[in-house]
Amino acid sequence: MCYDIASATLAKLKYAQHRADDPEYIKQIEDELKKISASLHPYYTVNGFAHPGLLVFTNHQPYLPQVFSWGLIPSWSRSLDEAIACSQLTINARGETIFTKPTFKQSARFKRCLVYADGFFEYFHFNKQAYPFFIKHPLGDPLIFAGLWDEWVDQSTGVLYQTCTIVTTVANPLLKKIHVKPGLEEARMPVILNKSEQDIWLQTSIDEQDSSLINPLLKPYSDQLLAHTVKKLKGKQAPGNSPEAIMPFEYPELALLGI
DNA sequence: CCAGACGTTGTT
DNA sequence: GTCTGG
DNA sequence: CCAGACGTTGTT
DNA sequence: GTCTGG
């Protein structure tokens, strides 16, 4: 599951260096990031249901940073109502079925992207309370999620909607430990790609129909991640969209659990 | 064949 | 307890 | 997914 | 656009 993420502006320039090795590409990406910075709001925490604009690199323009709304709207949507209703249910896409589900099939084959984030949140449930953990890269590098994108034009207004979804897979050991909830059978996590996997994910030109290169990428992240509890993301005591949202915050009642 | 759905997480 | 909104 | 509401009649 | 249910 991946419904809450962080993606703050200060880190955005750093993202450029992770997308490219060539200094010329890095410069190009940084320049473009400055241009689109007005639409790249800093998110220390943001929920998928708010459909924020996320920083993506698509297979069509692998070195062009773009802002796509979170919650995929398929190109065949027939009305704004239908499109909005759909986007509530396409915040995530199950990696196991992206090549078969009608909503994702075309995107899985032709419209893949990288979604950049500082980290994501997952809840640990204890005593009927939900304790949010922030999960991030040990060195503070961006986490790069496997994403799908699509474009839909509202025929009644002519407005173009560029949207994306984050692909999920089964949880790795760390996320299994965090994502504990009574009755929960299968914990999940976003697909996080390393450098070489990112390049493969964006390679849709070789054989568009061949999923055998892509399916091996849809697995739990095996490198190290860091996790710590943070203040509640929502509700009266929540710090809201501020740096405090991702700062470590201890819950005394969890101290003895060894979490 | 047409009409209508097309999804996730977590749930029973 | 259960549904809805975000 | 979690947080918060969950109702009526009639009022400002 | 593409799949499923009837």
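Since the structure is predicted, the reported quantities are computational estimates derived from the model, not experimental observations. Computation of the quantities below employed the complete heavy-atom set of this structure, encompassing side-chain atoms and omitting hydrogens, waters and symmetry-equivalent molecules. Convention: sequence-line order gives letters A, B, ...; per-chain numbering from 1.
dC6(D) sits 33 Å from dG4(B) when the C1' atoms are compared, rounded to a whole Å. dG1(E) and dT11(B): their P atoms are spaced 38 Å apart (whole Å). Using atom P as the reference point in both dT9(D) and dA5(B), the two lie 33 Å apart (nearest Å). Rounded to the nearest Å, the gap between the P atom of dG7(D) and that of dT2(C) is 15 Å. When the P atom is used for both dC1(D) and dG10(B), the distance is 5 Å, rounded to whole Å.
Side-chain contact check for D118(A) versus Y44(A): every heavy-atom pair is 4.5 Å or farther apart. The shortest distance between side-chain heavy atoms of Q155(A) and V153(A) falls below 4.5 Å. For the pair Y123(A)/L233(A), a side-chain contact is recorded, criterion being any heavy-atom separation below 4.5 Å from C-beta on. The side-chain heavy atoms of R19(A) and P62(A), taken from C-beta on, include a pair separated by under 4.5 Å.
Under the 6.0 Å distance and 45° angle rule, R109(A) does not count as a cation-pi partner of F99(A).
For the contact set between residues 179-189 of chain A and DNA chain B, defined by any heavy atom under 4.0 Å, the members are H179(A), K181(A), P182(A), G183(A), L184(A), E185(A), E186(A), R188(A). For DNA chain B, the neighbouring residues in residues 73-81 of chain A, judged by any heavy atom under 4.0 Å, are W76(A), R78(A).
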Donor-acceptor pairs under 3.5 angstrom involving side-chain atoms of residues 130-152 of chain A: please list them, not counting sequence neighbours.
from    : atom 1 : to      : atom 2 : distance (Å)
Y131(A) : OH     : E253(A) : OE2    : 2.8
H137(A) : ND1    : L139(A) : N      : 3.0
W149(A) : NE1    : N59(A)  : OD1    : 3.0
W149(A) : NE1    : R112(A) : O      : 3.2
D150(A) : OD1    : K111(A) : NZ     : 2.9
D150(A) : OD2    : S75(A)  : N      : 3.0
E151(A) : OE2    : Q162(A) : NE2    : 2.7
W152(A) : NE1    : S77(A)  : O      : 2.8

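Put simply, CG on L72(A) is 11 Å from P on dT8(B), counting in whole angstrom units. The distance between atom CZ of F99(A) and atom C1' of dC6(B), rounded to the nearest whole Å, is 18 Å. Rounding to whole angstrom units, CG of residue L175(A) and C1' of dT9(B) are separated by 14 Å. Distance W70(A) CH2 to dT8(B) C1': 12 Å, rounded to the nearest Å. In this entry the distance linking CG of D150(A) with C1' of dC6(B) reads 13 Å, nearest Å. Rounded to whole Å, the distance from CZ on F121(A) to P on dT9(B) is 19 Å. Atom CD1 in I178(A) sits roughly 17 Å away from atom P in dC1(D) (whole-Å rounding). The nearest whole Å value for the distance from the CD atom in Q129(A) to the P atom in dC1(D) is 17 Å.
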Legend entry - Structure string for DNA chain E in dot-bracket form, Watson-Crick and G-U at under 3.5 Å, | interchain: ||||||

Legend entry - CA sep, side-chain torsions, deciding dist, call: Y3(A), I91(A), side chain to side chain contact (heavy atoms under 4.5 Å, CB included): CA-CA 7 Å; Y3(A) 281 178; I91(A) 291 162; 3.7 Å; yes

Legend entry - CA sep, side-chain torsions, deciding dist, call: E186(A), R94(A), salt bridge (Lys or Arg N to Asp or Glu O under 4.0 Å): CA-CA 13 Å; E186(A) 182 199 51; R94(A) 290 179 67 87; 3.8 Å; yes

Legend entry - T58(A) vs V56(A), side chain to side chain contact (heavy atoms under 4.5 Å, CB included): CA-CA, chis, key distance, verdict: CA-CA 6 Å; T58(A) 70; V56(A) 303; 4.2 Å; yes

Inset, instruction - Check step by step if salt bridge (Lys or Arg N to Asp or Glu O under 4.0 Å) holds for K195(A) and D199(A). - result: CA-CA 7 Å; K195(A) 188 75 183 81; D199(A) 293 332; 3.8 Å; yes

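Not counting sequence neighbours, the partners of K219(A) by the salt bridge (Lys or Arg N to Asp or Glu O under 4.0 Å) test are E197(A).
More than 12 heavy-atom neighbours from other residues, nucleotides or ligands sit within 6.0 angstrom of CZ on F49(A).
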Please enumerate all protein N or O atoms sitting under 3.5 Å from an N or O of nucleotides 1-6 of chain C, with distances to 0.1 Å.
from   : atom 1 : to      : atom 2 : distance (Å)
dG6(C) : N2     : K234(A) : NZ     : 3.1

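Mapping T103(A) and Y3(A) onto DNA chain B by nearest heavy atom places T103(A) closer to the 5' end of the strand.
Using a 3.5 Å distance cut-off with no hydrogens or angles, the side chains of S156(A) and D154(A) do pair a donor with an acceptor. Between the side chains of H51(A) and Q88(A), at least one donor-acceptor pair of N or O atoms lies under 3.5 Å.
Ring pair Y116(A)/F57(A): centre-to-centre distance below 6.0 Å.
Residue contacts shown for T165(A) are absent, as no nucleic acid heavy atom lies under 4.0 Å away.
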